[in-house]
2 protein chains.
Amino acid sequence: MSTHRPTDPGGAPLDDTDRLLLEHLSKDGRASYAEIGLLANLSATAVRRRIDRLRARGVVRGFTVVLDPALLGWRTEAFVEIYCRERTSPEELLASLRQFPEVAAAWTVTGDPDALVHLRAADTRHLEAVIERIRKEPGVQRSRSSVVLSRLIG
Amino acid sequence: MSTHRPTDPGGAPLDDTDRLLLEHLSKDGRASYAEIGLLANLSATAVRRRIDRLRARGVVRGFTVVLDPALLGWRTEAFVEIYCRERTSPEELLASLRQFPEVAAAWTVTGDPDALVHLRAADTRHLEAVIERIRKEPGVQRSRSSVVLSRLIG
DNA sequence: TATGAAAACCCGCCTGA
DNA sequence: TCAGGCGGGTTTTCATA
């Protein structure tokens with residue numbers, strides 16, 4: 001996905017240089033501007049200015065450390081499809097899910113279930129407990145889970 | 001999830017200081033060691049040593065830039081459940097999915113489908129085309145998709 | 001783009017538990 | 001022995017023009 005070029009984004013589209021900088025930063029988010037500049041034949045100052053601009057535009061939301069969840073002790077993950085009660089708004093659902101640190105991600109989706117929740121837990125025991133608590137949330141009618149066997153990509 | 005403490009990870013477990021450093025780095029992956037040190041009452045050197053150690057242990061996999069997919073032109077996402085043919089190995093599936101830059105993430109899962117694929121595309125037209133191509137992969141028998149309406153968390 | 005001052009980094013060496 | 005602090009030479013950042 002890093003090289004594929006989607007259709008014209010809103011605002012001024014990124015040029016190839018921006019793409020190069022972002023590609024490098026996605027591999028090493030702490031790379032110095034000078035180092036990145038070598039790659040793009042740019043001075044460190046120019047690199048910084050471009051990144052500042054991308055930041056201001058919102059293209060760059062920030063920088064973060066990439067952790068290994070398994071080595072942090074989160075060895076079990078699952079996807080839980082949530083079926084809401086009638087009149088449960090996405091805001092209510094969000095408020096419910098926000099309580100759980102085990103919720104790694106969540107989306108509202110089309111189709112039979114109303115939402116899809118990505119859970120991370122220490123082990124299956126922990127996972128079971130979290131799912132149980134989510135099922136008891138007032139806006140949640142029922143749920144259907146599948147445990148992750150292995151991460152292929154991402 | 002940043003503060004919850006899972007069960008004893010393999011190897012030496014992280015102490016509270018490590019946790020503090022990682023929490024700060026997850027919010028700002030380019031924060032200076034000195035700045036992080038202020039938070040933890042540590043010198044920049046000590047911070048750097050700890051992070052180097054976490055890196056060596058694999059807990060820290062690296063650093064990266066956080067981009068806004070929408071502003072990059074990826075405005076449509078979907079989850080696709082993949083049902084494989086018999087004898088399709090995870091490796092084959094991985095090889096198939098690797099071809100598509102639109103595959104943001106993919107996992108093998110328990111339950112009815114064999115895998116769950118997170119797709120990012122420019123628009124629904126693009127999404128449809130990608131799903132069509134994935135369905136034609138030899139190891140894939142059928143698929144079932146739901147389009148993401150909104151990202152709640154993650 | 002260039003320059004220069006301030007800040008951050010990185011390395012060896014030392015201390016103390 | 002292992003984690004943390006100190007000193008300094010080098011690199012990087014960042015606001016000038």
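Values below: every heavy atom of this structure, side chains too, minus hydrogens, waters and symmetry copies. Within every chain, numbering begins at 1; the chains are lettered A, B, ... in the order of the sequence lines, protein sequences first and strands thereafter.
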Exercise for the section: For B:A46, answer base if it contacts any base atom (sugar-phosphate contacts may also be present), sugar-phosphate if it contacts only those atoms, and nothing otherwise; contact means non-hydrogen atoms under 4.0 Å. Expected result: sugar-phosphate
To the nearest angstrom, how far is [X] atom [atom1] from [N] atom [atom2]?
| X | N | atom1 | atom2 | answer |
| --- | --- | --- | --- | --- |
| B:Y33 | C:dC10 | OH | P | 5 Å |
| B:L54 | D:dC2 | CG | P | 16 Å |
| B:F63 | C:dC9 | CZ | C1' | 14 Å |
| B:D18 | D:dC2 | CG | C1' | 14 Å |
| A:E35 | C:dC10 | CD | P | 11 Å |
| B:N41 | D:dG4 | CG | P | 12 Å |
| A:L38 | D:dT12 | CG | C1' | 13 Å |
| B:R53 | C:dC10 | CZ | C1' | 16 Å |

Would you say [X] places a side-chain N or O within less than 4.0 Å of OP1 or OP2 belonging to [N]?
| X | N | result |
| --- | --- | --- |
| B:R50 | D:dC2 | no |
| A:S32 | D:dT12 | yes |
| A:R30 | C:dC9 | yes |

Practice task
Assess A:R30 against B:Y33: is NZ or CZ under 6.0 Å from the centre of the six-membered ring, and within 45 degrees of the ring's axis?
Solution key: yes
Practice task
Kindly confirm or rule out a cation-pi arrangement of A:R135 over A:F100, judged by NZ or CZ under 6.0 Å from the six-membered ring centre and within 45° of its axis?
Solution key: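 Geometry flag: not set, cation outside 6.0 Å or 45°.
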Problem - Check: A:R151 side chain, A:G154 main-chain N or O, donor-acceptor pair, under 3.5 Å - result: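 Yes: the side chain of A:R151 pairs with the backbone of A:G154.
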Handout entry: Sidechain N-carboxylate O distance under 4.0 Å for B:R75, B:D123
Key = no
Exercise for the section: Decide, yes or no, whether a salt bridge links A:R50 with A:D15 under the criterion of side-chain N to carboxylate O below 4.0 Å. Expected result: yes
Completion exercise
Paired with B:D52, the side-chain hydrogen bond (donor to acceptor under 3.5 Å, both in side chains) test is passed by just one of B:R48, B:R55, B:R49, namely B:R48
Handout entry: From C:dT1, D:dG5, D:dT12, nucleotide with atom closest to A:S43 side chain
Key =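 Nearest nucleotide to the side chain: C:dT1.
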Handout entry: For A:R98, all residues meeting salt bridge (Lys or Arg N to Asp or Glu O under 4.0 Å), sequence neighbours excluded
Key =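 With neighbours one apart ignored, the set is empty.
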Practice task
For each nucleotide in nucleotides 11-17 of chain C, reading 5' to 3', give B when a protein heavy atom comes within less than 4.0 Å of its base, S when such contact involves only the sugar-phosphate, and - otherwise.
Solution key: -BB----
